[in-house]
Amino acid sequence: MNIFVANLNFKVQEEDLRETFETYGEVDSARIITDRNTGRSKGFGFVEMPNSDDASRAIEELNDREMEGRNLVVKVAEERTEQRRFTNRRPQY
DNA sequence: CCTGAGCGT
C-alpha cells in the first residue's frame, strides 16, 4: 500500500520515516522527495507497506502526529501518473 | 545555514 506523508521536518530523512512507520508494521520502502536541483528535502515523501492492514493503522495513528516539532500529514497516496524512467537530460529550466 | 502547499526520478 502506498502512503503519502507530508509536512515533514526538513531534517527528517528516509530512515527516520521508515523507523516511524515500522512501529506499526513492515515497511517495504520509505522515500523522501528531494529537490532535483538542490537535493534538499521537499518536506514530503512516500512509504510503501506490504500489509494494508498495518498501513491503515499507521495512517490512522501517524496522521496529525507530532514528529520533530511538526504535525505529520499521512494519507493514502494517489496512483503515480506513469512509471517514468531516468532521463539524464533534464531541461535545467 | 535557510523554507512550508502538496502527490514521486
Taking the side chain as everything from C-beta on, heavy atoms only, tell me whether A/Ile3 gets closer than 4.5 Å to A/Ile59. yes

Closest to side chain of A/Ile33, choosing from B/dG4, B/dC2, B/dG8: B/dG8

Is the aromatic ring of A/Phe4 within stacking range of B/dG8, meaning centres under 5.5 angstrom and planes under 30 degrees? no

Whole angstrom value for the distance that separates C1' of B/dC1 from CZ of A/Arg40: 9 Å

Base, sugar-phosphate alone, or nothing: which one does A/Leu8 contact when heavy atoms must sit under 4.0 Å apart? base

Can you find an N or O donor on one side and an acceptor on the other, under 3.5 Å apart, linking the side chain of A/Arg31 with the base of B/dG8? yes

Side chain proximity check, A/Ile33 to A/Phe46, heavy atoms < 4.5 angstrom: yes

Under 4.0 Å between any heavy atoms, over every strand shown, what does A/Asn9 touch: base, sugar-phosphate, or nothing? Just pick one. base

Nearest-angstrom distance from the residue atom NZ of A/Lys11 to P of B/dG4: 17 Å

Separation of atom CG in A/Asn2 from atom P in B/dC7, rounded to whole Å: 15 Å

Kindly state whether the pair A/Phe44 / B/dG6 counts as stacked, where counting means centroids closer than 5.5 Å and planes tilted less than 30° apart. no

Roughly how many Å is it from CZ in A/Phe46 to C1' in B/dT9, rounded to a whole number? 12 Å

Heavy atoms only: give me the nearest A/Asn7-A/Val73 pair and the separation to one decimal. CB-CG2, 3.8 Å

Does a sphere of radius 6.0 Å around CD in A/Glu60 hold more than 12 heavy atoms from other residues, nucleotides or ligands, not counting ones at 6.0 Å or beyond? no

With rounding to the nearest 0.5 Å, note down the distance linking CG in A/Leu8 to NZ in A/Lys42. 13.5 Å

Send over the distance from A/Asp35 CG to B/dG4 C1', rounded to a whole Å. 14 Å

Rounded to whole Å, how long is the line connecting atom CG of A/Asn71 with atom P of B/dA5? 14 Å

Of the candidate nucleotides B/dT9, B/dA5, B/dC7, which contains the atom at the shortest distance from the side chain of A/Phe10? B/dA5

Can you tell me how far C1' of B/dC7 sits from CD1 of A/Ile3, to the nearest Å? 14 Å

Quick one: on DNA chain B, does A/Arg70 or A/Thr34 contact a more 5' nucleotide (nearest heavy atom)? A/Arg70

Considering every strand and a 4.0 Å limit on heavy-atom distances, what is the contact class for A/Val76: base, sugar-phosphate, or nothing? base

Report the distance from atom CG of A/Leu72 to atom C1' of B/dG6, rounded to the nearest whole Å. 14 Å

